[in-house]
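Here the structure is laid out as structure tokens; the discussion comes afterwards.
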Amino acid sequence: MSIDERPISHPLPFVRGWLRDPVGVGLPIPSSGATARRLARAAFEAAIPGAGPVLEVGAGTGAVTQALIECRRPGDRIIAVERDVELCRALERRFPGLEVLQGDAIEIGAVLRKAGLSSVCVVVSGLPMRAIPSDAASRYYSRAFEAMPPGGAIIQYTYGLRPPVDPKVTKPALEATFVGREWRNLPPMGIWRYRLAR
Ligand SMILES: C[S@@+](CC[C@H](N)C(=O)[O-])C[C@H]1O[C@@H](n2cnc3c(N)ncnc32)[C@H](O)[C@@H]1O
């Protein structure tokens with residue numbers, strides 16, 4: 001079995017999280033191992049060296065977290081943000097020692113300040129952006145870019161065909177680059193990389 005075929009989902013806590021908040025969690029199925037590893041590769045490719053930890057937002061039960069842990073180099077730090085308290089506990093049980101921040105990522109600036117974090121090197125975002133009103137989405141992205149040095153990137157995944165946050169509508173304006181679609185996911189997953197527009 002190749003590394004991309006290994007299952008890394010944690011279905012039961014995820015389904016319970018979905019039952020608590022179907023809109024916030026999206027679908028009752030976590031990302032596949034293939035998607036998670038592709039996201040991790042995209043994140044480390046975009047990460048700004050020395051700018052701080054990798055920030056994973058909407059970590060769920062840790063499908064993508066595990067891939068980030070597997071792909072990281074010595075010294076890379078990973079921080080997971082999750083709104084659902086029970087999913088936070090599931091993450092802490094699954095990854096002892098992982099830094100998990102419980103909070104609403106729309107207010108990501110406040111979540112990071114509370115944790116004493118001034119800078120991150122990349123953001124991997126699993127929030128269901130299509131379910132988030134555009135002003136809140138714009139605020140979340142804007143605050144996430146404020147937490148990164150120039151050249152920072154948000155790696156966002158989505159089931160939809162278009163960029164889940166319209167880069168022309170956000171303030172500041174953004175550039176969205178299609179990284180690819182992972183077909184070994186139910187449903188297939190699109191991966192986008194956002195940067196501040198030049
Ligand atoms: C589509 S799931 C992704 C879960 C996991 N990363 C994966 O790929 O399987 C979205 C996750 O984001 C969390 N979430 C939704 N809205 C959030 C918010 N405003 N702040 C923090 N987490 C949020 C949900 O609780 C859920 O765990």
Side-chain angles (χ1 to χ4, degrees), residues 4 6-43 54-71 78-95 98-115 117 120 122-144 147 154-160 164-165 179 181-182 184-192:
D4 274 350
R6 280 189 286 139
I8 56 173
S9 68
H10 243 217
L12 279 182
F14 199 89
V15 170
R16 285 199 291 269
W18 177 77
L19 289 170
R20 283 190 296 277
D21 180 8
V23 175
V25 173
L27 283 184
I29 315 160
S31 296
S32 71
T35 298
R37 281 180 273 273
R38 201 156 163 187
L39 285 164
R41 284 195 291 271
V54 172
L55 188 70
E56 188 201 351
V57 180
T61 49
V64 179
T65 322
Q66 181 166 333
L68 290 168
I69 290 169
E70 285 175 3
C71 288
I78 293 158
I79 296 190
V81 176
E82 172 53 56
R83 184 173 60 186
D84 184 288
V85 176
E86 289 185 34
L87 289 177
C88 286
R89 299 296 87 84
L91 284 165
E92 287 163 348
R93 278 195 304 275
R94 184 173 175 189
F95 307 107
L98 176 73
E99 295 172 79
V100 179
L101 308 180
Q102 192 274 321
D104 181 354
I106 300 303
E107 307 304 335
I108 194 68
V111 173
L112 294 178
R113 268 196 305 282
K114 194 170 161 204
L117 278 168
V120 300
V122 68
V123 175
V124 186
S125 173
L127 296 200
M129 299 310 292
R130 290 176 190 283
I132 295 175
S134 64
D135 58 335
S138 193
R139 192 162 75 244
Y140 161 48
Y141 269 33
S142 158
R143 298 288 178 267
I154 299 175
I155 308 296
Q156 176 75 54
Y157 45 111
T158 179
Y159 302 122
V165 174
V179 175
R181 187 163 301 279
E182 180 49 62
R184 292 166 293 176
N185 197 86
L186 196 65
M189 187 73 89
I191 300 173
W192 293 83

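Every heavy atom of this structure was used, including side-chain atoms; hydrogens, water molecules and symmetry mates were not. Since this is a predicted model, take the numbers as computed values, not measurements. Atoms within each ligand, like the ligands themselves, are counted from 1 in listed order.
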### Query
Measuring from the heavy atoms of Y140, does anything fall under 4.0 Å of ligand 1?
no
To the nearest 0.5 Å, what is the distance between [atom1] ([X]) and [atom2] ([Y])?
X: I155; Y: S125; atom1: CD1; atom2: OG; result: 10.0 Å
X: R113; Y: R143; atom1: CZ; atom2: CZ; result: 8.0 Å
X: L91; Y: R93; atom1: CG; atom2: CZ; result: 9.5 Å

Which ligand 1 atoms, with their elements, are less than 4.0 angstrom from a heavy-atom of [X]?
X: P30; result: 9 (O)
X: D104; result: 18 (C), 19 (N), 20 (N)
X: A59; result: 5 (C), 6 (N)
X: V64; result: 8 (O)
X: G103; result: 20 (N), 21 (C)

With the side chain counted from C-beta on, respond yes when [X] and [Y] share a heavy-atom pair under 4.5 Å apart, and no when they do not.
X: V81; Y: E56; answer: no
X: L39; Y: Y157; answer: yes
X: L55; Y: V124; answer: no

### Query
Between L27 and ligand 1, which residue portion shows a heavy-atom distance shorter than 4.0 Å: side chain, backbone, both, or neither?
neither
### Message
Test of understanding: with salt bridge (Lys or Arg N to Asp or Glu O under 4.0 Å), list the residues that count as partners of R20, not counting sequence neighbours.
### Response
D84, E86
#### Entry: Nearest-neighbour protein heavy atom for atom 11 (C) of ligand 1, which is reported as residue plus atom name and distance
G58 O, 3.6 Å
### Query
In the protein, which heavy atom is nearest to atom 20 (N) of ligand 1, and how far is it?
A105 N, 2.8 Å
